[in-house]
Amino acid sequence: MAETRERWDSRGAFIMAAIGSAVGLGNVWRFPYIAYDNGGGAFFIPYFVALLTAGIPLMIVEYALGVRFQGSAARSFRKVGRGWEWLGWWALMVGSVISFYYCVIMAWSWRYLYDSVASIFTGGVPWAGDRAKDCFYNGVLHLSKGPGEVGGLVWPIVGGLALTWLSIWWIIHKGVKRVGKIVMLTVPLPVLILVVLFIRGVTLEGAASGISFYLTPDFAALTNPRVWVAAYGQIFFSLSLGFGILIAYASYLPKRSDITNNAFITSFSNCLTSFFAGFVVFSVLGFLAHQKGVPVKDVLSSGPGLAFVTYPTAIAKIQMGNFLIAVVSALFFLMLLSLGVDSAFSIVEGMVTGLHDKFRANRGVICALMCTFGFLAGLVFCTDAGLYYLDIADNWMSKYGLALVGLMECIVVGWFFGSHRLRKLFRREHPELAEGAPLCGPYELKQYVNEVSDFRVGWWWDLCIMVVTPGILTGAIVLNFLDYLKEGYLQGPGKPYPTWAVVLLGWGLAGLVVLLGIFFMVLRGGRDEGEEVAS
């Protein structure tokens with residue numbers, strides 16, 4: 001008897017969850033810096049091209065696989081062909097590793113949110129007076145001098161990590177119906193806070209110079225291939241592609257659900273949020289540069305440095321009294337938490353869906369075990385050397401792990417999807433395709449997409465999936481690897497990480513992900529719904 005799959009309450013709930021997964025911390029602390037560093041306003045040209053030729057086409061692929069095969073990434077690729085199940089598990093394992101350290105960043109945000117609220121009663125935020133750098137690296141992280149000095153656990157971060165994983169468990173253990181209700185709050189909330197911060201930011205002295213710095217184009221940068229690679233990389237990683245998340249989310253839609261329109265809505269919502277976040281960030285950076293009497297580029301930073309050092313420094317310098325400084329600080333870190341939690345629980349949901357589809361075990365038990373394991377695995381990033389370990393792991397998972405998953409997705413769908421096994425299934429369900437249909441390429445999947453969607457995809461989608469996107473991803477992987485061979489992976493300006501740390505947390509984690517993906521593939525699990533039809 002066929003399994004009754006859980007469903008979203010509405011199409012809107014699915015779209016909000018997908019947007020929440022895509023819009024994360026990187027929209028605030030990575031995109032503005034990438035744009036500045038790659039041509040300023042001119043960067044939006046390759047960014048938009050990358051959206052149309054890689055982001056949306058690959059999102060259509062992931063939505064289509066989830067809706068068509070009604071399963072997780074692993075289950076969907078198994079239905080494409082038994083030999084491809086490992087690719088689905090690879091995506092889920094890469095996402096799981098990312099969730100282990102991503103949740104630690106949220107733990108930092110919990111600490112800062114607490115300090116912001118507490119400052120109302122203590123007379124000022126602890127990072128006031130240019131103390132933000134010392135507050136973050138020494139006060140919050142207890143950062144050691146290198147990855148070899150592990151030290152002990154930083155207990156406030158451990159507490160924040162526990163709170164984060166408890167939140168994830170509470171949100172997802174009841175299934176997507178609860179997720180659909182939660183995202184109706186957590187997705188609009190950070191956007192509203194961004195609007196509030198933008199209104200305050202543009203009224204600051206020096207804000208105009210910061211925004212001008214953000215938007216001023218350098219068209220000469222467009223001749224540099226690395227700028228185009230950066231645009232494709234930003235699009236790929238910011239849309240949650242390659243995690244298996246979107247496949248899992250789409251699998252909870254009915255089989256006749258729209259695909260293309262959902263992909264366009266999700267993609268453009270994410271990109272518009274990134275673009276708007278740039279105004280919020282650079283208005284405040286312009287103010288900070290004005291306060292210090294230096295160019296904007298001298299106060300610019302990316303990643304944790306922007307979120308936990310530069311931005312808090314700027315907030316603390318605004319002349320508005322300790323109470324309002326505390327409120328603005330609390331809003332900023334509440335925004336980071338609400339951005340982070342949607343992305344974090346979506347990653348975990350992808351793995352939980354995969355394990356549930358494979359073993360048919362109780363979803364609540366799987367969720368509890370996954371969250372417990374995630375908390376324990378994240379403890380290594382809560383040590384005195386945790387920031388170094390996080391940096392190395394993130395570099396390898398994002399530059400190589402996710403990129404390779406995306407590359408293989410394009411190859412499988414673009415060149416192997418027209419296999420005899422799938423053709424037999426599709427033509428049984430669609431007799432009109434029995435004569436005259438091409439015998440290779442993504443034809444059958446495209447036919448399904450066009451049949452159920454609000455508008456059709458054409459030859460451009462075939463070209464992107466078969467040629468453009470795999471070509472760009474291959475180029476990005478090669479360029480990143482050549483840079484690594486030339487310079488190593490740097491701990492700081494000109495200072496490479498020790499080889500043992502890179503091997504253990506970079507190559508070691510990458511190898512473990514591949515081995516675990518193969519391990520899950522060969523394990524015997526429950527019979528796939530509809531497997532007898534596709535075999």
Side-chain angles (χ1 to χ4, degrees), residues 20-38 40 43 47 98-99 101-113 116 127 132-133 135-137 140-141 160 164 189-191 193-194 197-198 201 210-211 213-214 230-231 233-240 270-289 296-315 328-344 347 381 386-387 390-391 393-395 397-399 402:
S21 174
V23 177
L25 298 176
N27 295 72
V28 173
W29 76 23
R30 189 171 188 268
F31 174 81
Y33 181 85
I34 293 292
Y36 148 75
D37 200 38
N38 290 277
F43 178 74
Y47 183 73
I98 291 174
S99 73
Y101 61 77
Y102 194 85
C103 289
V104 176
I105 300 173
M106 294 177 64
W108 304 342
S109 300
W110 282 115
R111 169 65 188 271
Y112 271 78
L113 179 62
S116 299
W127 50 85
K133 185 174 182 179
C135 177
F136 178 56
Y137 292 110
V140 174
L141 299 184
T164 299
L189 180 61
V191 176
I193 295 176
L194 274 175
L197 294 176
F198 168 76
I211 293 174
F213 189 81
Y214 171 50
Q234 177 63 22
I235 282 292
F236 183 81
F237 301 127
S238 70
L239 290 178
S240 294
N270 171 76
C271 294
L272 287 174
T273 304
S274 295
F275 179 67
F276 182 65
F279 287 90
V280 177
V281 169
F282 274 91
S283 63
V284 173
L285 291 180
F287 163 74
L288 184 60
V296 176
K297 66 178 181 180
D298 289 348
V299 299
L300 189 61
S301 60
S302 180
L306 172 65
F308 297 100
V309 177
T310 305
Y311 209 94
T313 297
I315 292 174
V328 173
S329 295
L331 283 175
F332 178 73
F333 292 109
L334 180 61
M335 178 191 68
L336 292 186
L337 282 168
S338 54
L339 285 172
V341 72
D342 289 326
S343 298
I347 299 173
F381 304 110
L387 181 62
L390 187 154
D391 186 37
D394 179 60
N395 178 70
M397 290 299 104
S398 60
K399 285 186 177 179
L402 290 175

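Computation of the quantities below employed the complete heavy-atom set of this structure, encompassing side-chain atoms and omitting hydrogens, waters and symmetry-equivalent molecules.
Without hydrogens or angle criteria, Thr164 side chain to Met106 main chain gives no donor-acceptor distance under 3.5 Å. Ser21 contributes no side-chain N or O that, together with a main-chain N or O of Ser343, makes up a donor-acceptor pair within less than 3.5 Å.
The CG atom of Leu339 lies 9.5 Å from the CG atom of Leu334; values are rounded to the nearest 0.5 Å. Atoms OG1 and CG, on Thr313 and Leu285 in that order, are 10.5 Å from each other to the nearest 0.5 Å. Going from atom CG of Leu113 over to atom CG of Leu331 covers 9.5 Å, rounded to the nearest 0.5 Å. The distance from atom CG of Leu194 to atom CZ of Phe332, rounded to the nearest 0.5 Å, is 9.0 Å. Taking CG of Leu25 as the reference point, atom CG of Leu306 lies at 11.0 Å (rounded to 0.5 Å). Interatomic distance, CG of Leu189 versus CD1 of Ile193, reported as 4.0 Å (0.5 Å rounding).
The minimum heavy-atom distance linking Ala307 with Trp29 is given by the pair CB-CE3, 3.4 Å. Closest non-hydrogen pair, Phe333 versus Ser116, comes out as CD1-OG, 3.9 Å. When all heavy atoms of Phe136 and Tyr112 are compared, the pair lying nearest together is CB-OH, 3.1 Å. Across every non-hydrogen atom of Thr310 and Val299, the tightest pair is CG2-O, 3.3 Å. In terms of heavy atoms, Ile34 sits closest to Phe43 at CG2-CZ, 3.6 Å. Across all their heavy atoms, Ala22 and Asn27 have their closest contact at O-OD1, 3.6 Å.
Annotation: Tyr33, atom OH; neighbour count of heavy atoms from other residues, nucleotides and ligands within 6.0 Å does not exceed 12.
At a threshold of 4.5 Å between non-hydrogen side-chain atoms, the residues Tyr36 and Val281 do not count as touching. Counting heavy atoms from C-beta outward, Leu141 and Trp108 have side chains that approach closer than 4.5 Å. Trp127 is not listed as a side-chain neighbour of Val140, based on a closest heavy-atom distance of 4.5 Å or more. Residues Ile105 and Leu390 meet the side-chain proximity criterion, which asks for heavy atoms closer than 4.5 Å. You'll find the side chain of Ile98 stays beyond 4.5 Å of the side chain of Asp394, heavy atoms only.
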Q: Please test Phe31 against Tyr47 for ring pair (Phe, Tyr, Trp, His ring centres under 6.0 Å), starting from the C-alpha separation and ending with a verdict.
A: CA-CA 10 Å; Phe31 174 81; Tyr47 183 73; 5.0 Å; yes

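Between Phe275 and Phe279, the ring planes are perpendicular. Angles over 60° get that label, and only those under 30° would be called parallel.
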